[in-house]
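First comes the structure, then the notes that go with it.
All figures in this text were calculated on a predicted structure; none of them were measured in a lab. Each ligand, and each atom within it, is numbered from 1 in the order the structure gives.
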Amino acid sequence: MVDFYFNNTVRPRRSLLSVPAINKRALAKLMTLDCDGVIFDLEDSVAPDLKDEARDNLLTFFKDTPLAGRETIIRINPVSVNVGQRDLKAALECGPNAILLPKVEQPSQIQDVADLLAEADAPDDIKIWAMIETPKGILNAASIAESSHTEAARLGAFVVGLNDLRKATHVPAQPGRAYLVPWLMQTVLAARAYGLDVFDSVSNDFYDLDAFAAECDQGRAMGFDGKMLIHPAQIDAANQAFAPTEEALAEAREIIAAFAKPESVGLNVINSNGRMIERVHVGQAERLVAMAEIIAQRKAEKP
Ligand code: COA
Ligand code: MG
């Protein structure tokens, strides 16, 4: 299979399940779950007195548990406080794919962690992800995203956090998220301007799966790559909503096939059954097909 470096190597990130690092029972359940990634939380879901125990849980978990192909992300406390420094040290011992920083509001917060990772000789492939979840985070999303283009930054993705944002802005939770959409779209735009992946916020109600599926569809329509989840019951809906649709795949295959024809050599636009298609879209089409192949392969490998 081909690797594509449009942004990162193509990998599905439809469903990122958050699990409090203090919850051993939930950690043990992860092996059986079909999420694309796991966010191990050392921040808000772990009480202050239990941070040491939570870090120990993670060290044991990473030593003992093969998470077969799934991405691992550890959310730490801010490194401006001691607890965050200790989280970072433990996270580096675990060796996740990414470290997720809470409440990022300015580029220097990314750079500070990048510097600490460099000092610790952390492998280059450990990325930094940023929670965008405060008014300043939304306002500064573009300059934060831009910092992914400096040499040492390692920034790979944004995750939107609406629980904190709603609290800070006094915008209540409502079906359809009408008054939050402008801020969600601003974050998507900032991420796309600098080639970052971007993930929609958690949804707190894990009993109403119809409402959750509708929110996944909305997130997909807004351009998000996937969604942060809080409960296993939410995985299927996210996997379905953020996978390439049959329709999009058919179109992608049509574009690839049309430009592979000998008569298309040298042409940048062609007529495909009365519709203009452009050569500049071939790369994106190949990426979509590769994504669908990875998802199908993973499904086939499931025990
Ligand atoms: N990851 C893995 N497994 C989970 C899970 C998660 N996030 N949430 C629940 N489970 C497991 C439970 O351990 C339980 O497992 P069991 O069948 O072995 O007993 C099963 O799924 C059913 O759980 P349920 O009883 O419905 O929920 P709960 O009362 O145990 O937990 C929450 C509900 C909200 C406390 C829990 O889902 C949770 O902590 N979610 C993540 C919260 C978080 O990460 N917050 C920070 C980001 S906003
Ligand atoms: Mg938060």
Enumerated ligand 1 atoms positioned under 4.0 Å from heavy atoms of F206: 33 (C), 34 (C)
Under 4.0 Å to a heavy atom of D41 - the qualifying atoms of ligand 1, by number: 46 (C)
For [atom], what's the nearest protein heavy atom and its distance?
atom                    : value
atom 42 (C) of ligand 1 : P20 CG, 4.0 Å
atom 22 (C) of ligand 1 : H231 NE2, 3.9 Å
atom 45 (N) of ligand 1 : S45 CB, 3.8 Å
atom 17 (O) of ligand 1 : K29 NZ, 3.1 Å
atom 1 (N) of ligand 1  : L17 CD2, 3.5 Å
atom 47 (C) of ligand 1 : S18 OG, 3.5 Å
atom 9 (C) of ligand 1  : P232 CD, 3.7 Å
atom 19 (O) of ligand 1 : R25 NE, 2.8 Å

Right, does [atom] have protein non-hydrogen atoms nearer than 4.0 Å?
atom                    : answer
atom 31 (O) of ligand 1 : no
atom 37 (O) of ligand 1 : yes
atom 28 (P) of ligand 1 : no

Non-hydrogen atoms of [X] versus ligand 1: any pair closer than 4.0 Å?
X   : result
R75 : yes
N23 : no
D44 : no

Residue part near ligand 1, for A26, under 4.0 Å between non-hydrogen atoms: both
M228 and ligand 1 - part of the residue with a heavy-atom distance under 4.0 Å: side chain
D36 and R11: CA distance, side-chain angles, deciding distance, salt bridge (charged side-chain N to carboxylate O under 4.0 Å, His left out) verdict: CA-CA 9 Å; D36 289 332; R11 58 161 100 206; over 6 Å; no
For [Y], is there any backbone N or O sitting under 3.5 Å from a side-chain donor or acceptor partner on [X]?
X    : Y    : result
T245 : A248 : yes
K103 : M131 : no
R287 : M291 : no
Q234 : S203 : yes
R75  : I39  : no

Check: F61 and L30 side chains under 4.5 Å, non-hydrogen atoms: yes
Heavy-atom side-chain contact between R55 and L42 under 4.5 Å: yes
Vertex the Mg ion (ligand 2), arms to E133 OE1 and D164 OD2, rounded to 10°: 90°
Charged N-O contact under 4.0 Å between R192 and D225: yes
Assess the side chains of [X] and [Y]: does a donor N or O sit below 3.5 Å from an acceptor N or O?
X    : Y    : value
E254 : S272 : yes
N97  : D125 : no
Q240 : D236 : no

